[in-house]
There are 2 protein chains.
Amino acid sequence: MFGFRDIEIIRSVVRHGGFRAAADATGLAQSAISRRIRHLEDRMGITIFERAGRGVRLSATGRRLVDEAEVLIAQRDRILEELTQGVMAGVVRLGVAETMTHTLLPRMLTTLRGRHPMLRFEISVDTSEQMGQALRDDALDVVIMLRDQAPRGIALTPLPPVSMGWFVSPEHFTLPSPAGIDDLAALPIVSFPKTTIPHRQVLEVMTAGRRKPATVHGSASLATMVNLVQQGFGIGTIPHDIVAAWPQTMLQEIDVLPEAKLPPLEFVICHDPERNEEIGREVTRAAVEAGCD
Amino acid sequence: MFGFRDIEIIRSVVRHGGFRAAADATGLAQSAISRRIRHLEDRMGITIFERAGRGVRLSATGRRLVDEAEVLIAQRDRILEELTQGVMAGVVRLGVAETMTHTLLPRMLTTLRGRHPMLRFEISVDTSEQMGQALRDDALDVVIMLRDQAPRGIALTPLPPVSMGWFVSPEHFTLPSPAGIDDLAALPIVSFPKTTIPHRQVLEVMTAGRRKPATVHGSASLATMVNLVQQGFGIGTIPHDIVAAWPQTMLQEIDVLPEAKLPPLEFVICHDPERNEEIGREVTRAAVEAGCD
DNA sequence: CTCGATATCCCTGAAACCGAACATGGGCCC
DNA sequence: GGGCCCATGTTCGGTTTCAGGGATATCGAG
């Protein structure tokens with residue numbers, strides 16, 4: 001096994017053309033260089049320098065070693081530099097609710113990449129519930145999720161509310177305009193998964209003081225929701241932004257009476273301030289800016 | 001500054017979830033782990049673990065450090081493995097005479113890549129004279145060059161001879177068929193650079209026992225030679241293979257009398273057996289095979 | 001033989017390590 | 001709820017290990 005020091009010394013020998021000169025250059029004694037390299041060769045079981053009586057020269061194996069190992073030194077120096085100089089770098093594990101992936105996320109990432117080019121992102125899309133847990137477990141650094149499922153003890157910043165609408169494929173169903181709760185409840189409804197807040201909100205609106213509850217299906221995939229509605233499986237409760245961002249769909253928004261209107265989704269962006277203060281603030285700032293315009 | 005050992009220990013702490021467990025796993029005392037990490041943190045001026053009274057947990061900076069530094073360990077292990085297990089890997093500095101770049105070289109490299117996927121090539125194209133010097137200076141590992149300019153004390157293997165022809169652009173010049181030395185010498189001749197063997201051979205053939213020497217131009221670039229002939233600058237002495245490999249040219253071979261025929265070029269592939277025995281043999285083998293079919 | 005280089009030997013000093021004692025926080029029993 | 005216990009990290013003194021320094025032997029080329 002070899003260490004960084006070994007490579008530095010070998011490189012010095014190569015550059016200065018001998019053990020003696022390398023010793024002068026590094027401030028070590030010549031004997032130290034000789035011993036170090038011999039030990040290294042013994043440990044690794046390879047020949048690094050061929051002793052030619054007078055002087056040494058790098059063997060083919062030795063050249064391979066320096067060639068390859070030099071980049072390790074460069075990488076180490078880069079890592080140290082980034083960590084020390086407070087450069088924002090490394091991997092940010094970002095969790096995003098699917099609703100935000102089409103609208104806010106791309107703008108936010110573009111902003112961030114412009115400000116911190118060394119930053120890399122690892123993005124996962126999941127339910128707010130799962131991501132809240134992951135945030136607590138330090139499996140995610142920053143999460144964009146529904147406000148009501150954000151864990152405690154976490155820095156949260158609200159994002160602009162996402163308005164919800166009722167959508168229908170006009171070639172499959174026809175509804176009065178404006179439609180009332182009874183009109184909507186008569187059809188199958190496609191919504192978010194049943195463990196989520198939006199799903200519960202739909203249920204509350206649709207069953208308020210009624211005998212026969214509406215049939216509400218859940219889907220964890222927005223694309224699936226849109227497709228189901230598109231193909232006449234039922235009507236859907238979908239964020240306006242999402243439908244707008246899906247150019248190829250032919251969905252029509254249903255004009256509904258006030259009591260059937262759905263409350264907007266309230267998203268927050270959150271991070272653990274004890275753990276990811278700096279990066280969390282930066283991502284939050286970018287998200288807020290991306291949400292404004 | 002940090003070393004491989006530091007990273008291994010940090011990683012062990014992370015994997016086993018604490019200093020004590022890491023101590024058991026690594027065979028160190030728990031106090032040693034504690035001291036090492038504290039010392040490392042002091043030296044680098046960063047916090048790697050956040051002490052939470054009971055237990056420690058990786059800080060954001062610490063996670064960045066492990067994330068980035070882990071790949072260094074992996075790379076070191078790979079390098080060691082390659083060097084120790086006799087895997088053919090690393091960079092082979094290959095010098096090739098331009099004549100061989102269109103015919104033998106691609107087949108040879110394909111063969112080699114198939115046999116030794118970890119091998120990388122750094123190819124330089126130069127005159128045989130320069131490359132011979134580079135081989136002596138250990139600036140090249142393997143060289144394909146003209147036999148007569150190969151240095152001494154070097155393992156050389158002959159390659160199939162490369163036949164030379166006289167070529168002309170029929171729209172610019174008309175020559176009798178077969179043409180004699182006088183016919184050829186009446187026109188400007190484009191050949192290899194004037195320090196090279198082929199150039200001298202042309203001169204010898206053209207000036208044997210004559211008063212007025214032929215005008216022989218030299219070019220270090222085959223492409224330039226072909227272009228010059230193509231555009232009527234003169235006639236050219238070019239390897240048959242090269243013209244055949246240049247599909248877009250309209251050159252015509254000149255039928256010449258026996259005394260004007262040029263001897264074939266004799267190439268060898270060579271390496272220093274004291275320095276690059278293994279790789280030299282492998283490259284040579286591939287070259288011989290590529291030259292046969 | 002002499003010169004210019006590496007290799008070897010012995011000694012020293014610093015760095016790493018161990019073990020034990022100490023400090024701290026969480027969980028549990030009464 | 002208070003006190004005890006256990007698990008864990010920290011600190012301290014003594015010990016071991018290892019890398020380096022200096023002097024000298026050795027080696028090959030000219």
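Values below: every heavy atom of this structure, side chains too, minus hydrogens, waters and symmetry copies.
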Between atom [atom1] in [X] and atom [atom2] in [N], what is the gap in whole Å?
X: A:His39; N: C:dT8; atom1: NE2; atom2: C1'; answer: 11 Å
X: A:Arg5; N: D:dC18; atom1: CZ; atom2: P; answer: 17 Å
X: B:Asp6; N: C:dA15; atom1: CG; atom2: C1'; answer: 13 Å
X: B:Glu50; N: D:dT10; atom1: CD; atom2: P; answer: 13 Å
X: B:Asp42; N: C:dA15; atom1: CG; atom2: C1'; answer: 15 Å
X: B:Arg38; N: C:dA16; atom1: CZ; atom2: C1'; answer: 17 Å
X: B:Ile33; N: C:dG19; atom1: CD1; atom2: C1'; answer: 15 Å
X: A:Leu28; N: D:dG20; atom1: CG; atom2: P; answer: 6 Å

On the side chain of [X], is there an atom forming a donor-acceptor pair with the base of [N] - under 3.5 Å, no angle test?
X: A:Arg35; N: D:dG21; value: yes
X: B:Ser34; N: D:dG9; value: no
X: A:Gln30; N: C:dA7; value: yes

Minimum-distance nucleotide to [X] side chain [options: [options]]:
X: B:Ala32; options: D:dG9, C:dC18, C:dT6; value: C:dC18
X: A:Ser31; options: C:dA7, D:dG21, D:dT10; value: D:dG21
X: B:Phe19; options: D:dT10, C:dC17, C:dT6; value: D:dT10
X: B:Arg36; options: C:dA16, D:dT8, D:dA19; value: C:dA16

Examine distances only and state if a side-chain atom of [X] and a backbone atom of [Y] form a donor-acceptor pair shorter than 3.5 Å.
X: A:Ser59; Y: A:Ile48; result: yes
X: A:Asp137; Y: A:Ala139; result: no
X: B:Arg93; Y: B:Asp138; result: yes

inquiry  = Let me confirm one number: the CE-CD1 distance from B:Met1 to A:Ile79, rounded to the nearest 0.5 Å.
reply    = 11.0 Å
request  = Determine the contact category for A:Gly27: base if any of its heavy atoms lies under 4.0 Å from a base atom, sugar-phosphate if only primed atoms, P, OP1 or OP2 are that close, otherwise nothing.
outcome  = sugar-phosphate
message = Any base atoms under 4.0 Å from B:Gly17, or only sugar-phosphate, or nothing? Heavy atoms, all strands.
response = nothing
query = Is there a side-chain polar atom (N or O) of A:Arg20 under 4.0 Å from OP1 or OP2 of C:dG4?
reply = no
request  = Show your working on salt bridge (Lys or Arg N to Asp or Glu O under 4.0 Å) between A:Arg76 and A:Glu8 and close with a plain yes or no.
outcome  = CA-CA 12 Å; A:Arg76 178 189 63 166; A:Glu8 286 167 354; 2.9 Å; yes
